[in-house]
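What follows is one structure encoded as structure tokens, with my remarks underneath.
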Amino acid sequence: MASEDRGITFDEMYRIRVFDPDKQRQTKELQEACESFTSKISELDKVVRGLLEQIGAQAQKIENEKLRAMGQRLKATMEPDVRKRKLGEQAAVLAEKQQELDDIGREYESLLKVRHEQELMIAKITDAGS
Amino acid sequence: MRLQVTKAAAPHAEGLTGVAWTAGNDVWACSEDQALWRWPAEGNPPSKVCELDAPCSSLHWYPCASRKPQPGATTDVFLLAADDGTFRLMRANGREEKRVDAHAGPLTAIQWNQEGTAVATGGQDGALKIWSRSGMLRSVLAQIDGPVLCLAWSPDAAALVYPRGGLLLVAPLAAGARPLQWRAHDAPILAVDWSPAADKIASGGEDAIYKVWDTDGRPLFQSAPLPSACTALAWAPGGCHLAVATRGAVYLCESSGVFASHYSFEGSMVRSVAWSCDGSRLAVGGAGGLLAVGHMVKRRVEWGSHSALLAEPARIRVQEVGSAAQEELEVREAVVAMSFAYDHLLVATAHQVAIYGVASWNTPVVVEVADTPLLLLQAERLFLLADPSAGVQLLSYTGRTLATPKWQGLRPEALTGANCSLSNDTLAVVDRLDPRCVRCLSTATGQPVGEPLRHSQDVLHVALSQGGTPAERRLALIDRNRDLYCTALQSPALGRLGAAVEGLAWHAAADVLLGLAGGRVLQWAAPGVLAADPSLLPATTASLDVSQHGPRLELVAYGEPAATLRTPRGTLVHVAVSPYPLALAQAAAAGRWEAATRLCRCVADDGLWAALAARALAARETATAEAAYAALGQVAMVDALAYIRALPREEARAAQLAVLQGRIEEAEGILLQAGLVYRAIKIHIRAKNWDRALEVAVKQKSHVDTVLWYRGAELAVTGREETHALFLQFSQQVEINEEQIRLKICQEKERESQGSMSTAKRR
């Protein structure tokens with residue numbers, strides 16, 4: 001009893017034990033349970049961390065997409081103006097080209113007229129000569 | 001005509017507020033971040049010259065590279081307008097030479113005058129001030145209630161143009177003179193420029209319209225609305241182009257103002273444009289560090305059936321009409337000027353002139369030049385090259401320097417194709433200091449020929465005839481009243497050929513003149529008609545209506561079959577003019593009078609007969625002239641010419657021809673030299689020029705009695721008394737015996753015919 005009171009016991013192998021084997025077993029079980037718990041917790045932590053990372057990445061992606069969408073929307077709202085400007089520019093280029101064509105056409109016409117008059121003159125001279 | 005733009009690798013994020021060219025073709029720019037940049041001509045990226053202590057709004061280089069301001073002083077100085085109210089005179093190395101506290105607020109505009117003797121500044125405070133070159137305040141020209149946003153000097157530096165809101169004001173510098181003002185735009189004017197060469201003002205405003213005015217404020221052109229406000233504009237040095245800048249684009253216009261092409265800068269604001277000295281490049285500066293240089297490409301020059309087009313800044317495409325052959329010519333640097341005439345194409349770059357012959361495109365003659373050529377003028381055997389440092393040089397097409405003419409007031413950058421004309425033997429230049437005076441210089445020696453030709457009005461345009469011998473050289477000019485005058489250079493006597501003439505051109509090989517007046521092309525078949533017989537002038541002038549090509553045409557050239565005109569748009573149109581006067585002129589120049597007469601018979605045109613009469617008379621071809629006058633039905637002239645032809649002596653014939661053309665003094669000279677005193681006196685008696693008749697008789701000591709006898713007969717016929725003191729005196733001294741006089745006259749006539757026989761024998 002006294003030894004029991006002092007807490008000294010013997011186990012099955014007759015080794016001196018300060019702790020009650022029953023408690024000892026329970027403690028051991030507790031320790032194992034704790035260990036498995038911590039490992040599980042750290043695993044959970046890892047999982048959660050991964051999740052967070054992924055969510056962050058997704059958030060970033062979404063944020064980017066959002067920005068892009070905003071940009072696109074802005075572009076879309078601006079597009080009529082841009083189109084108008086480009087159209088204007090193209091029209092100006094077209095007008096320039098058309099003008100150039102007209103100029104060349106007019107010059108060509110005047111040259112044709114000169115040639116016509118020269119041909120008339122040649123005909124007149126040959127008539128007079130013969 | 002188009003701009004091919006090279007953009008500088010953006011040197012800075014800040015905007016450029018001012019750009020300018022140096023004489024060496026570097027581009028300088030000042031930026032909002034208080035820095036000064038230099039973009040070298042060789043094409044290296046722009047580099048920072050120096051940092052400044054204030055932002056600057058504009059810069060302007062010393063304008064006359066050819067003229068040193070003071071002995072020993074350099075021309076590489078420029079003005080910088082700063083926002084702290086000062087302007088600075090800077091050196092090319094970035095050193096500040098002088099700083100002048102000019103305005104209460106920021107400076108908005110600054111400019112040298114043409115001579116580089118004075119500076120005008122405009123400020124946000126509304127003051128317009130004139131400064132000496134050394135920065136001394138000369139006067140406060142104006143004080144307005146808004147900022148002076150822009151300003152420009154007049155070519156003669158006697159006035160300034162500046163805006164006040166939508167008004168344009170031309171303020172003379174002379175004290176007490178009232179400024180001329182007119183409403184130019186409905187919105188504030190942002191840019192103005194005054195072309196020295198074309199003497200026109202261009203303005204651009206917030207209403208996105210640019211306009212061209214003459215110097216009296218009359219509108220010449222108004223553009224269609226542009227997409228946005230005109231922020232800057234600049235005339236090209238020759239006055240043949242105008243560059244207009246708006247937000248996002250630069251517009252290139254013809255001298256008339258008509259829009260030719262544009263270049264878009266993708267929405268960046270263009271703040272400043274500047275032309276290079278030779279007018280071949282345009283520098284552009286603007287927001288977002290925009291710095292670019294535009295080369296003028298797609299320029300075309302033509303000669304005969306050849307046409308040369310500047311396809312790229314350093315590449316020329318030559319085509320011959322009617323053949324598929326096409327030549328690609330490449331030069332080392334960007335082309336600044338081209339000229340094509342007399343079978344030679346001249347291509348000038350900043351450092352050399354290449355001379356291509358139409359027969360040998362692959363082997364050009366290359367001439368090195370000291371400075372950028374400003375003007376190329378061609379004649380048949382030589383050409384003129386003007387550059388700021390060497391002045392004017394005359395070179396042969398083999399590249400040999402023939403002469404370097406110099407004259408007082410020579411300023412190479414002031415020479416244009418209008419105030420300067422070249423022929424094989426003579427160079428004619430309107431005096432810059434006295435525009436009523438035309439100087440003629442020999443192309444062989446570079447020395448003046450005779451006295452300068454003086455006219456009563458300012459001369460705007462001179463042109464020398466190209467065909468014929470030096471003795472036949474003629475000069476035509478248009479004065480400020482738009483009258484056309486013509487003279488032979490051998491015996492200068494200006495005669496008026498036409499009025500309201502806008503342009504003129506000589507034929508490249510014959511003595512025929514073409515003019516443009518009020519929508520008609522005028523052809524003077526015999527420009528020497530005034531000296532020969534002024535009454536033939538209307539008949540020898542042919543006129544051709546060209547108004548179907550629109551108003552404000554310009555005469556460009558008079559080629560073999562046709563005249564070339566340019567419309568305000570820059571379109572070339574060709575108009576056939578009669579080829580007969582050319583054939584006639586060539587036959588006459590070669591002395592083939594038979595052929596010329598045959599031609600006239602064949603064509604049977606009074607104008608041509610008149611031209612033949614004038615030319616034959618000028619060449620003393622009495623037989624041809626007689627035939628021509630006969631064809632014209634002018635019996636009196638036929639009679640007179642027949643009489644002249646029957647005269648026994650050459651001198652007498654020449655003298656009578658001179659009398660016929662109203663040149664009595666010349667006739668007298670010829671006769672007295674030949675010893676034909678009686679004939680000389682008789683000319684004066686016929687003209688009732690009694691004083692001179694008596695004077696000659698007394699001086700020659702013969703025929704005094706003859707004069708007195710004729711005078712007596714005249715008085716008897718009119719029934720008057722002798723009152724002339726000299727005649728009274730001589731009638732007392734000299735005995736008048738009618739029979740003796742008649743005998744003397746007979747003897748004279750006999751001697752005359754004998755003299756001609758003896759000269760004939762001697763021959």
Side-chain angles (χ1 to χ4, degrees), chain A residues 60-61 63-130, chain B residues 1-3 224-228 246-249 251-252 254 258-267 298 300 302 305 307 309 321-322 544 546 548-550 553 556 559-580 583 598-599 601-605:
Chain A
Q60 192 60 47
K61 264 187 196 163
E63 209 56 44
N64 284 350
E65 286 303 316
K66 246 189 193 164
L67 265 177
R68 195 181 302 166
M70 271 161 71
Q72 291 286 1
R73 194 175 297 159
L74 197 69
K75 232 181 182 173
T77 50
M78 294 279 280
E79 193 57 21
D81 285 349
V82 172
R83 291 265 168 102
K84 211 184 276 173
R85 204 191 72 210
K86 275 195 179 152
L87 211 62
E89 261 165 37
Q90 290 302 317
V93 170
L94 187 70
E96 268 167 45
K97 295 264 180 205
Q98 185 62 45
Q99 196 65 58
E100 215 174 312
L101 183 67
D102 288 354
D103 288 354
I104 293 169
R106 215 167 298 158
E107 188 175 353
Y108 178 65
E109 254 169 48
S110 73
L111 280 168
L112 274 187
K113 216 168 147 194
V114 169
R115 190 175 78 173
H116 178 68
E117 273 175 44
Q118 275 181 319
E119 278 166 356
L120 279 182
M121 182 152 292
I122 289 168
K124 194 173 143 194
I125 291 170
T126 25
D127 278 359
S130 60
Chain B
M1 191 180 57
R2 208 164 271 282
L3 278 182
L226 301 173
S228 62
T246 65
R247 190 193 162 78
Y251 294 80
L252 207 57
E254 302 284 346
V258 180
F259 162 73
S261 69
H262 88 295
Y263 187 88
S264 167
F265 285 100
E266 302 295 334
K298 306 283 180 205
R300 194 164 57 140
E302 288 176 344
S305 58
S307 144
L309 177 83
V321 176
L544 187 72
V546 289
Q548 76 269 23
H549 297 299
L553 294 169
V556 180
E560 194 50 73
T564 308
L565 304 168
R566 189 174 19 230
T567 64
R569 278 212 39 76
T571 316
L572 296 179
V573 289
H574 305 268
V575 180
V577 289
S578 169
Y580 298 127
R598 267 207 310 280
L599 176 74
R601 286 230 170 82
C602 178
V603 178
D605 174 56

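The basis for the numbers below is simple: all heavy atoms, side chains too, and nothing from hydrogens, waters or symmetry mates.
- For B/Y580, the part lying near chain A is the side chain, with the backbone staying farther off; criterion is any non-hydrogen pair under 4.5 Å.
- Atom CG of A/D103 sits about 6.5 Å away from atom OG1 of B/T567, to the nearest 0.5 Å.
- Residues of residues 82-98 of chain A having a heavy atom under 4.5 Å from any heavy atom of chain B, listed by number: A/R85, A/E89, A/A92, A/V93, A/E96.
- Taking CZ of B/R569 as the start and CZ of A/R106 as the end, the distance is 7.5 Å to the nearest 0.5 Å.
- For chain B, the nearby part of A/Q118 is the side chain; its heavy atoms alone come within less than 4.5 Å.
- For chain A, the nearby part of B/R300 is the side chain; its heavy atoms alone come within less than 4.5 Å.
- Contact annotation for A/E100: only side-chain heavy atoms (C-beta onward) come within less than 4.5 Å of a heavy atom of chain B.
- We find the OG-CD distance between B/S261 and A/Q99 to be 11.5 Å, quoted to the nearest 0.5 Å.
- For B/A249, no part lies under 4.5 angstrom from a heavy atom of chain A.
- Put simply, of B/V575, B/V577, B/T571, the one with the most heavy-atom pairs under 4.5 Å next to chain A is B/T571.
- In this structure, NE2 in B/H574 is found 13.5 Å from CD in A/E117, a value given to the nearest 0.5 Å.
- Between chain A and the residues B/T564, B/L572, B/V573, B/V603, the most heavy-atom pairs under 4.5 angstrom are made by B/L572.
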